[in-house]
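Please read all numbers here as calculations on a predicted model, not as lab measurements. Residues take their numbers from the sequence shown, with the count starting at 1.
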Amino acid sequence: MVGDAAGDAFAADCRARLAFEVIANRWDSVVVYALGERGPMRPRALLDRIGGISPKVLNEALRRLEYNGLVEHRRYAEAPPRVDYLLTEAGTALLGPIRALGAWSAVHGDAVLAAQDRHRKGN
């Protein structure tokens, strides 16, 4: 981790902590990845693209991502109203680390799941 001004890499205001906080939510990185893969999307298209997410949880993720400056929404003056979500520059820059985590999980996911299974069984 990169240290803060005082040289303490684990300081409460460490920017690396901010990065982990931004991607810590289960769905946020999935939404970022979906938008990076397909470009601007409407909420219904995101729901169709992302399996297992409810409309409420998607809405919460989009709001959180917008709050963090990773996603923006565009409203169109149409009838019926239309809203698209797209990645900001910061959101697009996050695609590389998300892909790296995906590659890591492809290599090490079975070992992690096996360790979790052993732990649940008490071995």
key: Heavy-atom donor-acceptor pair, S29 side chain to I23 backbone, under 3.5 Å   = no

ask   = Is it true that atom CD of E37 has more than 12 heavy atoms of other residues, nucleotides or ligands lying nearer than 6.0 Å?
value = yes

Shortest non-hydrogen contact from R42 toward P81 = NH2-O, 4.0 Å

task = Under the side-chain contact (heavy atoms from CB on, under 4.5 Å) rule, what do L70 and D28 come out as? Steps first, then yes or no, please.
result = CA-CA 10 Å; L70 303 176; D28 291 5; over 6 Å; no

ask   = If you group Ile, Leu, Val, Met, Phe, Trp and Tyr by side-chain heavy-atom gaps below 4.5 Å, do L62 and L86 land in one group?
value = no

request  = Consider only side-chain heavy atoms of I, L, V, M, F, W and Y, link residues closer than 4.5 Å, and tell whether L101 and V31 are in one cluster.
outcome  = yes

task = Spell out, as yes or no, whether a donor-acceptor pair under 3.5 Å connects the side chain of N25 to the backbone of W27.
result = yes

key: Atom CG of D110 with >12 non-hydrogen neighbours under 6.0 angstrom   = no

remark   = Separation between CD1 (I53) and CG (D48), nearest 0.5 Å, reads 12.0 Å

query = Atom OH of Y85 and atom CD of E66: how far apart are they, to the nearest 0.5 Å?
reply = 6.5 Å

remark   = Looking only at heavy atoms, the pair that brings L95 and L87 closest together is CD1-CD1, 4.0 Å

Residue Q116 excluded, over 12 heavy atoms near CD under 6.0 Å = yes

request  = Please list, chain by chain and in numerical order, all residues satisfying side-chain hydrogen bond (donor to acceptor under 3.5 Å, both in side chains) with N59, sequence neighbours excluded.
outcome  = none

Closest non-hydrogen atom pair, G69 against A90 = O-CB, 3.9 Å

note = Scanning both residues in full, the closest heavy-atom pair of V83 with P43 reads O-CD, 3.5 Å

inquiry  = Looking at every non-hydrogen atom in both residues, tell me the closest pair between W104 and V112 and how far apart they are.
reply    = CH2-CG2, 3.8 Å

inquiry  = I need the M41 CE to L47 CG distance, nearest 0.5 Å.
reply    = 9.5 Å

request  = Evaluate side-chain contact (heavy atoms from CB on, under 4.5 Å) for R99 paired with Y33, printing each intermediate quantity in order.
outcome  = CA-CA 8 Å; R99 287 183 180 119; Y33 187 81; 4.0 Å; yes

message = Could you check whether atom OH of Y76 has more than 12 heavy atoms from other residues, nucleotides or ligands sitting under 6.0 Å from it?
response = yes

key: Flag, side chain of N68 to backbone of R64, donor-acceptor distance under 3.5 Å   = yes

query = Got a second to check how far R63's CZ is from L58's CG, nearest 0.5 Å?
reply = 11.0 Å

query = Is it true that I98 and L18 fall in one hydrophobic cluster, defined by side-chain heavy atoms closer than 4.5 Å?
reply = yes

message = Test salt bridge (Lys or Arg N to Asp or Glu O under 4.0 Å) on K56 and E60; report intermediate values, then the result.
response = CA-CA 6 Å; K56 178 185 179 220; E60 291 169 353; 3.6 Å; yes

Pair R82-D84, side-chain contact (heavy atoms from CB on, under 4.5 Å): steps then yes or no = CA-CA 7 Å; R82 180 173 66 120; D84 285 343; 3.2 Å; yes

